[in-house]
There are 2 protein chains.
Amino acid sequence: MVGQPLVSISSLAQELCITPRTIRYYEEMGLLTPVHLEKMSQRLYGPRERARLILILRGKRLGFSLAEIKEMIDLYDIDRTEGLQLERAVAYGEKRLRELDEKIQEMTLLKGELLDYQQQFTDLLKKCKDKNANVAVED
Amino acid sequence: MVGQPLVSISSLAQELCITPRTIRYYEEMGLLTPVHLEKMSQRLYGPRERARLILILRGKRLGFSLAEIKEMIDLYDIDRTEGLQLERAVAYGEKRLRELDEKIQEMTLLKGELLDYQQQFTDLLKKCKDKNANVAVED
DNA sequence: ACACCAGTTTACGTTAACGTCAAGCGTTTT
DNA sequence: AAAACGCTTGACGTTAACGTAAACTGGTGT
């Protein structure tokens with residue numbers, strides 16, 4: 001075992017380009033559970049919490065709410081899942097995966113549409129330039 | 001030209017599973033510009049506005065803010081873009097496309113992680129079931 | 001000892017994206 | 001004509017996700 005690389009809240013915040021407040025808020029919402037040193041004095045974050053936080057931020061960028069993200073995290077938290085609800089967890093996970101697939105599809109669709117427009121526009125732009133070039137020659 | 005199939009606000013809302021209020025809000029934010037019959041009396045929506053609205057909703061599901069969505073829409077609105085800013089539009093469009101690609105990547109990444117967990121869990125679940133089966137046999 | 005820094009809690013403020021409700025208007029059904 | 005229906009414009013309420021400011025605490029350099 002290596003001595004765990006624990007970092008402070010502001011250090012972690014800076015690393016991930018967010019504010020300490022945001023991190024505390026996520027803890028308040030039950031998304032993070034950092035080490036509270038000696039019965040309250042400071043929070044310290046190890047690699048596990050960092051990984052979670054990165055997951056949270058990714059989820060946010062992809063349009064999931066904190067509530068949804070919490071569900072996902074809780075779902076795959078072995079400690080909490082404790083046997084009993086294994087089947088549920090698996091079922092729920094499949095549902096989430098289907099949702100993800102839908103989102104990826106939609107994302108790809110949107111990309112296609114943007115690409116279409118982009119093509120039209122670049123064509124148009126090219127025409128304009130050609131025209132300007134001709135005018136320049138005529139001068 | 002077919003007589004345009006114009007529909008009322010609540011009709012369109014119902015079709016897309018949102019409320020009229022939402023549609024009005026999007027108009028207020030400059031995302032929609034429906035026909036206002038006879039100098040104000042009712043809004044009517046044709047296929048163009050419907051298409052826009054669908055784009056907006058898709059954008060929302062994918063984690064874009066209304067402001068970002070407005071930028072995209074305005075960007076590719078030929079009427080507004082009116083020549084002058086063609087180059088900017090194209091450049092901005094490329095930026096958006098890169099962002100989209102990043103999001104698709106992240107989405108795929110997230111899917112991969114969830115799949116990993118899912119696999120672990122289904123394996124675990126299978127083991128449990130096997131065990132239970134054995135116990136049953138031993139009885 | 002004193003100042004300073006980094007962290008803490010508490011609490012109120014803010015913004016986006018609507019929800020909700022009131023009051024009024026135009027048509028059409030009874 | 002009265003009532004009902006659907007739409008309209010305010011205008012205020014609500015929720016999520018933080019921002020921000022105040023007041024306190026615990027170590028650290030000088």
Side-chain angles (χ1 to χ4, degrees), chain A residues 4-46 49-50 52-74 99 103 106, chain B residues 4-46 49-50 52-74 99:
Chain A
Q4 303 138 288
L6 298 174
V7 305
S8 76
I9 191 170
S10 54
S11 166
L12 183 59
Q14 191 172 5
E15 180 188 337
L16 298 181
C17 300
I18 56 181
T19 70
R21 163 68 186 168
T22 300
I23 297 182
R24 291 199 197 95
Y25 180 69
Y26 291 165
E27 178 180 352
E28 196 179 335
M29 295 293 103
L31 289 161
L32 293 174
T33 45
V35 186
H36 277 256
L37 205 47
E38 305 266 342
K39 297 294 174 197
M40 228 165 78
S41 112
Q42 256 188 254
R43 297 166 171 83
L44 291 178
Y45 300 83
E49 299 305 316
R50 173 189 283 103
R52 273 181 176 237
L53 193 40
I54 291 175
L55 256 179
I56 296 172
L57 296 176
R58 177 179 298 153
K60 288 237 65 187
R61 275 194 299 274
L62 298 179
F64 294 95
S65 72
L66 289 186
E68 290 174 309
I69 295 172
K70 179 172 163 53
E71 283 187 81
M72 297 201 227
I73 287 185
D74 283 359
E99 285 179 22
K103 281 209 180 192
E106 285 193 291
Chain B
Q4 303 136 291
L6 298 174
V7 306
S8 77
I9 192 171
S10 54
S11 165
L12 183 58
Q14 191 173 5
E15 179 187 338
L16 299 181
C17 300
I18 56 182
T19 70
R21 163 68 186 169
T22 300
I23 297 182
R24 290 200 197 95
Y25 180 68
Y26 292 163
E27 178 181 352
E28 196 179 335
M29 295 293 102
L31 290 162
L32 292 174
T33 45
V35 187
H36 276 256
L37 205 47
E38 303 267 341
K39 297 294 175 196
M40 231 165 77
S41 113
Q42 255 186 255
R43 296 166 171 85
L44 291 179
Y45 300 82
E49 299 305 316
R50 173 189 283 103
R52 271 181 177 236
L53 192 40
I54 291 175
L55 256 179
I56 296 172
L57 296 176
R58 178 179 297 153
K60 289 237 64 189
R61 276 194 298 273
L62 298 180
F64 294 95
S65 71
L66 289 185
E68 291 174 308
I69 295 172
K70 178 172 163 54
E71 283 187 81
M72 296 201 227
I73 287 185
D74 283 358
E99 284 180 24

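Here is the naming used below: chain letters follow the sequence lines, and residue numbers restart at 1 for every chain. As a basis for the values below, the full set of heavy atoms in this structure was taken, side chains included, without hydrogen atoms, waters or symmetry mates.
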Quantify the bending of the helix from C/dA1-D/dT30 to C/dT30-D/dA1 as the angle between its end axes, each fitted on five pairs, to 10°.
10°
Of all the nucleotides listed (D/dT9, C/dT8, D/dC7), which has the minimum atom distance to the side chain of B/Q42?
D/dC7
Among residues 17-24 of chain A, which contact DNA chain C at a heavy-atom distance under 4.0 Å?
A/R21, A/R24
Sequence neighbours left out, what passes side-chain contact (heavy atoms from CB on, under 4.5 Å) with B/L16? Give chain and number order.
B/L12, B/I18, B/L53, B/I54, B/L57
Who pairs with B/Q14 by side-chain contact (heavy atoms from CB on, under 4.5 Å), at least two apart in sequence or on another chain?
none
note: A/Y25, atom OH; C/dT14, atom C1'; distance rounded to Å ~ 13 Å
Counting only side-chain N and O atoms of B/K60, is one of them less than 4.0 Å from OP1 or OP2 of C/dC18?
yes
Using only side-chain N and O atoms of A/S41, determine if any of them is under 4.0 Å from OP1 or OP2 of C/dT8.
no
Could you go through residues 21-32 of chain B and list every donor-acceptor pair under 3.5 Å that involves a side-chain atom there, pairing it with any protein atom two or more places apart or in another chain?
from  : atom 1 : to    : atom 2 : distance (Å)
B/T22 : OG1    : B/T19 : OG1    : 3.1
B/E27 : OE1    : B/R43 : NE     : 2.6
B/E27 : OE2    : B/H36 : NE2    : 2.7

For the pair made of CD in B/E68 and P in C/dA16, what is the distance, rounded to whole Å?
12 Å
Whole angstrom is fine here: how far is it from CG in B/L32 over to C1' in C/dC18?
14 Å
Without decimals, in angstroms, what is the distance between B/E28 CD and D/dT9 P?
10 Å
So, OP1 or OP2 of C/dG7: does either fall under 4.0 Å of a side-chain N or O from A/S10?
yes
A/R43 CZ - D/dG26 C1' separation (whole Å)
15 Å
Results of side-chain contact (heavy atoms from CB on, under 4.5 Å) for B/L55 - residues two or more places apart only:
A/L110, A/E113, B/R58
